[in-house]
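Inspection log for the structure reproduced underneath, given as structure tokens.
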Amino acid sequence: MPIQTYNTLSRKKEPLVPLTKNHINLYVCGITSYDYCHIGHARSALAFDMIVRYLRYRGYTVTYVRNFTDIDDKIINRAAEQGVSASALAQRFIDEFYVDMDHLGVDRPTLEPRATEHIQEMIDLIDELIAKGLAYQSGTDVYYAVTGFPEYGKLSGRNLSDMQAGARIAINENKTNPMDFVLWKGSKPGEPTWDSPWGPGRPGWHIECSAMSRKYLGDSFDIHGGGQDLVFPHHENEVAQSEGCCGKPLANTWIHHGFVTIRDEKMSKSLGNFLTIRDVLAQYHPEVLRFFIFSTHYRNPLDFSEAAMMDATAGLDRLYQCMAAIDDLSAAEIAENSTATVSAKDSHKLTTIEERFQKVMDDDFNTAQALAILFDAVKTINKICQQLPVRPAQADLNLITSSGALIKKLAGVMGLLKEDARTYLLHKKSTLLEDLDINEAEILQLIQDRKDARAAKDWTRGDSIRDQLLARGIELKDGAEGTSWQIKGH
RNA sequence: GGCGGCGUAGCCAAGUGGUAAGGCACUGGUCUGCAAAACCAUGAUUCAGCGGUUCAAAUCCGCUCGCCGCCUCCA
């Protein structure tokens, strides 16, 4: 069974059949770099990071192209406000974008072309469109003539007459048809400009992706992706440009992810309800954000809240705690000549983790189910660990450690469990401790005091120390190797 | 007005024709001097509502209600 992906164009799941055997060409629309990225951008980057990792895990070679829009009205306006050049502003936020991506552990795409480095390719494409009668010059601008492309609207499921009925489109007398969109704009004084056959100007937004995808991936490629808000007009217009020019399907399948919402409203600059990636990462571990994002299918809306992030934290901690327990176990002494004690049922659960994982991920990258499978495995491992004798049998130990390694590998497709479990848990502890009015030395001293009290069977004093610590946010945990501690609620 | 999506336990969330995954929270139990963690057990006779198709529906069809998105820049 090949991987199935939901195709926006056909509105159904379809088998993913690469144009070239074992190779996937993927183009994703990246950011317009004029500000810090918010967690909606993080969802986009993480969704495609996961998709690319999964495809590679499944044995495909993936060429992943993600562009930067580094020339655009918003960039020009913001640069003017700040008194810097458009290119300096764009570069600055590309650098900031990388800071965020690195922090999130997002793998770099194969290629990251920038619009301003492909002006000539865009001019060539516009020339071809004019020659084919699909574009026309009007004043200092060049427009795409949507009526010349009969399939216009096929990606977003609209048609020209419907759109014009409720159009919120500013009248532009340069256009033949109100739905025509700009390919090249003559520049106003002081704006960045490039020479062209139509005079000095700059490219329209949509043409860059048609030009760059064509240059790096050819006339047709496997997957084109982006956020759901790009379906119309951006991707619709790309289709019109590329297919109008080449006469071939631009992409075999279209993958669009859902939005991040806050209180069920789309996060957006105009509503002012957005959180930047760095806002969130200042408070939560990057993998918590990943866990949160992958706990819902990529096409569904995802509502950000503190409660949801706390849930995600609890879930991730549970996975890491299990990994830490497995690491501890590997130091255990083996009982010679012991036979395995793990039940056939549990053993079967663990040996089928990977096939179950693949089955659900093959079905349109269902990370929510994939996580459920990992939890199921963790539960089984915890159960086994609980029943294991102090000196376990080699066979049982092998099963657990290999399952642990497998869980890490599969979680790694989502960029989870990348840290050493002990390091993660210790780091978490020290980070949390910073917010409390207590330090580790003090905690350890109190634990020692309590140990002395308990040794003297002074339970009252022992309990009072524990309660005192609890009141300050520290929970104690008495185990076989003594007393350990953790931050309350974590 | 046009197009699309969603509505599943207290919360989050899978499941798209065969009898409701998983996580968080809660409760009872095991363990513990008492706790914590972990484990075990328990929770929707039911999937917004109403009607229909079917041997069988959360899943398909119709209608109603509620929420959201796109149609303007947007991940």
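Note on naming: letters A, B, ... go to the chains in the order of the sequence lines (proteins, then strands), and numbering restarts at 1 for each one.
Within the 6.0 Å centre-distance limit, the rings of A:His224 and A:Phe221 are counted as a close aromatic pair.
Residue contacts shown for A:Thr296 are limited to sugar-phosphate atoms, with no base heavy atom under 4.0 Å away. Contacts of A:Phe232 with the nucleic acid, taken as non-hydrogen atoms under 4.0 Å apart, involve only primed sugar atoms and P, OP1 or OP2. Residue A:Ala314 is in sugar-phosphate contact alone, with no base atom involved, counting any heavy-atom pair closer than 4.0 Å across all strands shown. The residue A:His38 sits close to a base: some heavy atom pair falls under 4.0 Å. If you check every strand for non-hydrogen atoms under 4.0 Å, A:Arg158 touches a base. Within 4.0 Å of A:Gly40, counting heavy atoms only, lies at least one base atom of the nucleic acid. A:His257 comes within contact range of at least one nucleobase, with a heavy-atom separation under 4.0 Å. Residue-level contact check: A:Val231 touches neither bases nor backbone, having no heavy atom under 4.0 Å from any strand.
Counting to the nearest Å, the C1' atom of B:C73 and the NE2 atom of A:His206 are 10 Å from each other. In this structure, CD1 of A:Ile262 is placed 16 Å from C1' of B:G69, rounded to the nearest angstrom. Whole-Å rounding puts the A:Phe93 CZ to B:A75 P distance at 14 Å. A:His297 places its NE2 atom 13 Å from the C1' atom of B:U16, with the value rounded to the nearest Å. A straight line from CG of A:Asp311 to P of B:G23 spans 12 Å, rounded to a whole angstrom. Per the geometry, CG belonging to A:Asp317 stands 13 Å off C1' belonging to B:G23, to the nearest Å. Following rounding to the nearest Å, A:His234 (NE2) and B:A75 (P) show an atom-to-atom distance of 10 Å. In this entry the distance linking CG of A:Leu160 with C1' of B:C3 reads 14 Å, nearest Å.
Looking at A:Asp303 and A:Arg263, no side-chain N of the basic residue comes within less than 4.0 Å of a carboxylate O on the acidic one, giving no salt bridge. A salt bridge between A:Lys266 and A:Asp229 is present, with a side-chain N of the basic residue lying under 4.0 Å from a carboxylate O of the acidic one. Under a 4.0 Å N-O distance rule, the pair A:Arg78/A:Glu81 qualifies as a salt bridge.
Smallest separation of non-hydrogen atoms from A:Asp180 and A:Lys175: O-NZ, 2.9 Å. Between A:Phe259 and A:Arg43, the closest heavy-atom pair is O-NH1, 2.9 Å.
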*Run the side chain to side chain donor-acceptor pair (under 3.5 Å) check on A:Thr8 and A:His256 step by step: do they pass?*
CA-CA 7 Å; A:Thr8 306; A:His256 291 100; 2.6 Å; yes
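In this structure the side chain of A:Pro233 never reaches within 4.5 angstrom of the side chain of A:Phe181, judged on heavy atoms. Contact annotation: the side chain of A:Thr253 approaches that of A:Leu16 to within less than 4.5 Å [non-hydrogen atoms, C-beta and beyond].
Atom name C1', nucleotides B:U59 and B:A21: the rounded distance is 16 Å, in whole Å. Nucleotides B:U30 and B:A75, compared at atom C1', are 49 Å apart to the nearest Å. Rounded to whole Å, the C1' atom of B:A14 lies 12 Å from the corresponding atom of B:A58. Taking the C1' atom of each, B:A38 and B:U32 are spaced 13 Å apart, rounded to whole Å. B:A25 and B:C39 are spaced 12 Å apart, taking the P atom of each and rounding to whole Å. Spacing between B:A48 and B:C6 at atom P, rounded to whole Å, works out to 12 Å. Between the C1' atoms of B:G66 and B:G29, the separation comes to 42 Å (whole Å). Taking atom C1' on both B:A20 and B:U53, the two are 22 Å apart, rounded to the nearest angstrom.
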Show the distances under 3.5 angstrom between N or O atoms of the protein and N or O atoms of nucleotides 65-67 of chain B.
none

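Judged as a side chain to side chain contact (heavy atoms under 4.5 Å, CB included), and not counting sequence neighbours, the contacts of A:Lys13 are A:Gln4, A:Tyr6, A:Arg299, A:Asp363, A:Asp364. For the side chain to side chain donor-acceptor pair (under 3.5 Å) test, residues two or more places apart in sequence or in another chain that qualify with A:Arg66 are A:Glu112. By the side chain to side chain contact (heavy atoms under 4.5 Å, CB included) test, A:Asp420 is found to be paired with A:Asp327, A:Arg422, A:Thr423, residues two or more places apart in sequence or in another chain being considered. With sequence neighbours left out, the side chain to side chain contact (heavy atoms under 4.5 Å, CB included) criterion links A:Asp72 to A:Thr32, A:Thr69, A:Lys74, A:Ile75. Checked against side chain to side chain contact (heavy atoms under 4.5 Å, CB included), A:Val182 has the following partners two or more places apart in sequence or in another chain: A:Asp141, A:Tyr143, A:Lys185.
Among A:Asp70, A:Ile71, A:Asn67, the one residue that satisfies the side chain to side chain contact (heavy atoms under 4.5 Å, CB included) test with A:Arg114 is A:Asp70. The only member of A:Val280, A:Asp49, A:Ile293, A:Leu289 that meets side chain to side chain contact (heavy atoms under 4.5 Å, CB included) when paired with A:Leu104 is A:Leu289.
For A:Asn77 and A:Tyr34, the side-chain atoms include no donor-acceptor pair closer than 3.5 Å. In summary, the side chains of A:His285 and A:His427 do not present any donor paired with an acceptor at a separation below 3.5 Å, with no hydrogens or angles considered. For the residue pair A:Asp279 and A:Tyr36, no side-chain donor N or O sits within less than 3.5 Å of a side-chain acceptor on the partner. A donor-acceptor pair shorter than 3.5 Å can be found between the side chains of A:Glu14 and A:Ser10.
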*Tell me, for nucleotides 32-43 of chain B in 5' to 3' order, what letter each nucleotide earns: B for a base near a protein heavy atom under 4.0 Å, S for only sugar-phosphate near one, - for neither?*
-BBBBSBBS---
*Per-nucleotide protein contact string for nucleotides 4-10 of chain B, where B marks a base within reach and S marks sugar-phosphate only (heavy atoms under 4.0 Å, - for neither)*: -------
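Applying the side-chain hydrogen bond (donor to acceptor under 3.5 Å, both in side chains) test to residues at least two apart or on different chains, the pairs with a partner in residues 406-418 of chain A are A:Glu354-A:Lys409.
Taking every heavy atom of residues 352-370 of chain A and every atom of RNA chain B, pairs under 4.0 Å involve A:Asn366, A:Ala368, A:Gln369, by number. Listed by residue number, the members of residues 64-78 of chain A with any heavy atom below 4.0 angstrom from RNA chain B are A:Lys74.
With a 3.5 Å limit on both pairing distances and Watson-Crick or G-U wobble geometry required, the stems of 3 or more pairs in RNA chain B span B:1-7 with B:65-71, B:10-12 with B:22-24, B:27-30 with B:38-41, B:48-52 with B:60-64.
Nearer to the 5' terminus of RNA chain B, by closest-nucleotide assignment, is the contact made by A:Ala308 (compared with the other of A:Ser268 and A:Ala308).
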